[in-house]
Protein chains: 2
Amino acid sequence: MIVNVTFNGEYNPADFPPFAVTTDLVILTVRPPSLEVLLVERAEEPFAGSWALPGGFVGPEQDLSDAAGATLTDKTGIELDTAHLEQLATFGSPARDPRMRVVSVAYLAMVANPPPAAAGRDAAAAEWQPVSSARATTLAFDHADVLEAGVERARAKLEYTTLATSFCAPEFTMAELRTVYETVWGIALDPPNFHRKVLGSAGFVEPTGRTATQAKGRPAKTYRAGPATTLTPPLAR
Amino acid sequence: MIVNVTFNGEYNPADFPPFAVTTDLVILTVRPPSLEVLLVERAEEPFAGSWALPGGFVGPEQDLSDAAGATLTDKTGIELDTAHLEQLATFGSPARDPRMRVVSVAYLAMVANPPPAAAGRDAAAAEWQPVSSARATTLAFDHADVLEAGVERARAKLEYTTLATSFCAPEFTMAELRTVYETVWGIALDPPNFHRKVLGSAGFVEPTGRTATQAKGRPAKTYRAGPATTLTPPLAR
DNA sequence: AGAAATAAATGTCACTTCGACAAGAATAAG
DNA sequence: CTTATTCTTGTCGAAGTGACATTTATTTCT
């Protein structure tokens with residue numbers, strides 16, 4: 001039996017070798033036909049030259065969500081109140097960072113129409129990449145697992161929450177919202193049925209009264225996000 | 001702007017003030033008519049005498065899930081392979097522990113028919129308490145938030161996963177499974193409709209061919225958990 | 001032993017929802 | 001003015017759901 005696993009009152013927490021705590025972000029956006037994720041190219045060891053999820057160490061007096069929010073605004077240039085940010089999962093395998101014991105609290109962000117990525121101070125480059133490409137890359141640390149968890153969370157949440165709207169501009173058409181679903185899920189949805197189900201889900205979207213002219217065809221009515229956060233019933237995948 | 005938030009390559013992780021990392025467990029069981037949670041009475045400061053979730057510090061070379069699993073077996077006496085254990089969320093507010101900066105990775109466990117709780121080395125007492133009672137208590141640290149997250153996660157997961165079976169013995173009747181749902185959700189379900197929907201959900205349960213005699217009335221067929229993990233369609237709450 | 005009580009299991013039926021598709025409406029291009 | 005395109009609305013059979021009745025198997029009571 002491992003004896004020093006459980007805090008038994010005789011152990012002073014400060015006696016333990018220190019952990020470092022970081023946040024890593026899976027920042028997703030929809031750029032049809034791809035779901036894209038923001039990656040940074042690491043400038044320093046370990047994994048110098050590898051692509052990685054943006055992130056950083058948590059300050060000694062800093063809240064976890066503040067650290068994630070700071071990274072999000074720093075890397076994307078996006079205001080916090082226009083993006084969705086939620087905690088994803090925590091990765092703490094003893095071997096995940098060769099320097100020392102590092103526990104990473106991963107966050108998932110969903111943003112709409114981000115400006116082009118710019119390399120920050122700590123990265124050689126930053127780039128929006130299709131998730132399919134990112135999966136084919138060897139990412140630093142255990143970031144492939146983190147990315148997978150983030151994409152799966154996003155997929156699932158579109159089913160039973162209204163979060164798809166956070167991938168859209170403040171004003172959007174039904175086709176744009178549908179394209180978000182089709183891009184994230186990688187399947188085609190029936191436009192008439194999608195239309196009916198979204199409008200039938202109370203508080204999902206509300207009409208603006210305006211229309212958006214298309215390149216071809218009938219202009220589309222525009223909507224903004226409604227007050228609802230959960231979808232009952234869920235939107236079937 | 002906070003400058004030391006983001007790792008910029010010039011910082012050595014070992015330069016950062018140390019974090020301690022703990023795991024805290026929301027261990028739930030169903031004892032009709034109550035959903036119950038395992039609490040320990042703290043023997044040491046801080047919060048000596050207060051009820052808290054079981055947990056402990058993560059060892060320097062220990063995986064997070066191993067730390068949670070060790071606490072689970074230590075406190076409940078239950079084998080890991082008979083219980084469900086999943087990561088819940090991570091709580092890291094700078095003020096949550098007065099001693100030092102502590103980040104707690106919370107886990108959610110679901111167990112069936114646990115033996116009576118026994119106070120471990122580090123606790124004055126351990127007790128299964130109805131969640132409603134635990135909510136009325138002032139729990140140590142931010143454990144009230146952790147408990148709330150755990151209960152909500154459990155409620156939600158019963159809808160779209162087969163995890164209700166992890167609250168049941170290896171062999172169970174349809175009424176027992178239904179009681180799990182009714183206890184966790186706090187509502188009554190229609191027995192005939194529940195029966196139909198569970199059997200109609202492929203891989204949720206499989207018949208054992210045996211029956212269990214009741215105190216009164218017709219004996220019930222017994223079932224064991226099937227291979228499915230997700231419920232499509234979900235079971236409506 | 002027979003009747004009553006109890007709980008499980010199965011069946012019924014109106015109502016709703018869903019998927020597939022047709023039809024109508026509004027606009028730009030030819 | 002016609003055609004092509006896209007959004008929007010409508011139709012209909014199939015499947016699913018909730019409410020409730022009926023049947024079956026057992027124990028308990030008389």
Side-chain angles (χ1 to χ4, degrees), chain A residues 32-33 158-160 164 168-169 171-183 185-224 228 230-237, chain B residues 32-33 158-160 164 168-169 171-183 185 187-224 226 228 230-237:
Chain A
L158 289 207
E159 287 194 49
Y160 60 95
C168 294
E171 199 166 327
F172 53 85
T173 67
M174 202 56 84
E176 287 167 348
L177 184 62
R178 177 168 44 82
T179 303
V180 166
Y181 277 91
E182 294 179 324
T183 303
W185 288 350
I187 57 174
L189 297 174
D190 182 73
N193 290 341
F194 181 83
H195 195 277
R196 165 166 50 95
K197 282 157 88 166
V198 169
L199 288 187
S201 195
F204 191 177
V205 300
E206 35 193 48
T208 62
R210 286 187 290 277
T211 58
T213 63
Q214 307 296 316
K216 289 182 159 188
R218 177 176 176 173
K221 295 179 183 174
T222 64
Y223 302 87
R224 57 175 156 266
T230 58
L231 293 180
T232 46
L235 226 63
R237 198 182 315 201
Chain B
L158 289 207
E159 287 194 49
Y160 60 93
C168 294
E171 199 166 328
F172 52 86
T173 67
M174 202 54 86
E176 287 167 348
L177 184 62
R178 178 169 44 81
T179 302
V180 167
Y181 277 91
E182 293 179 326
T183 303
W185 287 349
I187 57 174
L189 297 175
D190 183 73
N193 290 340
F194 181 83
H195 195 276
R196 166 164 49 96
K197 284 158 90 165
V198 169
L199 287 188
S201 197
F204 190 175
V205 300
E206 34 192 49
T208 62
R210 286 187 289 278
T211 58
T213 63
Q214 306 297 315
K216 291 182 159 185
R218 178 176 176 173
K221 294 180 183 172
T222 64
Y223 302 86
R224 57 175 156 265
T230 59
L231 292 180
T232 47
L235 225 64
R237 199 180 317 200

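Just so it is clear: chains get the letters A, B, ... in the order the sequence lines come, proteins before strands, and each one is counted from 1.
- Here A:E206 contributes atom CD and A:L199 contributes atom CG; the two are 12.0 Å apart, rounded to the nearest 0.5 Å.
- The two residues B:A220 and B:Q214 have their closest heavy-atom pair at CB-NE2, 3.6 Å.
- With hydrogens and angles ignored, a donor-acceptor pair under 3.5 angstrom links the side chain of A:R196 to the base of C:dG19.
- When each of B:A236 and A:A220 is assigned the nucleotide of DNA chain D with its nearest heavy atom, A:A220 is the one assigned upstream, toward the 5' end.
- Rounding to the nearest 0.5 Å gives a distance of 9.0 Å between OG1 of B:T222 and CD of B:E176.
- Here A:R224 does not pair with A:E171 in a salt bridge; the nearest charged N to carboxylate O distance is not below 4.0 Å.
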### Query
Along nucleotides 21-30 of chain C, 5' to 3', which nucleotides get a B, which get an S, and which get a -, given that the test is a protein heavy-atom distance under 4.0 Å?
BB-BBBBS--
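- A distance of 11.5 Å separates NZ of A:K197 from CZ of A:F204, quoted to the nearest 0.5 Å.
- Here the shortest heavy-atom pairing between A:A236 and A:W185 reads O-CZ3, 3.4 Å.
- A donor-acceptor pair is defined here as one N or O able to donate and one able to accept, closer than 3.5 Å; no such pair exists between the side chain of A:Y181 and the backbone of A:A164.
- Between D:dG18 and B:K197, a contact under 4.0 Å exists linking OP1 or OP2 to a side-chain N or O.
- Protein atom NE2 of B:H195 is 17 Å distant from nucleotide atom P of D:dG18, rounded to whole Å.
- Within residues 173-180 of chain B, the residues that place at least one heavy atom under 4.0 Å from DNA chain C are, in residue-number order, B:M174, B:A175.
- Distance OG1/A:T230 to CD/A:E159: 13.5 Å, rounded to 0.5 Å.
- Here D:dT17 presents its P atom at 13 Å from CZ of B:F194, a figure rounded to the nearest Å.
- As rounded to whole Å, 15 Å separates atom P of D:dG16 from atom CG of B:L231.
- The structure places CZ of A:R218 at 14.0 Å from OG1 of A:T213, a figure rounded to the nearest 0.5 Å.
- Heavy atoms only, all atoms of each residue included: B:L158 and B:L231 are closest at O-CD1, 4.0 Å.
- Within residues 198-209 of chain B, no residue is approached by DNA chain C to less than 4.0 Å at the level of any non-hydrogen atom.
- Counting to the nearest Å, the P atom of D:dT24 and the NZ atom of B:K221 are 13 Å from each other.
- Ring geometry, A:Y223 versus A:H195: the interplanar angle exceeds 60°, so the pair is classed perpendicular (tilted spans 30 to 60°).
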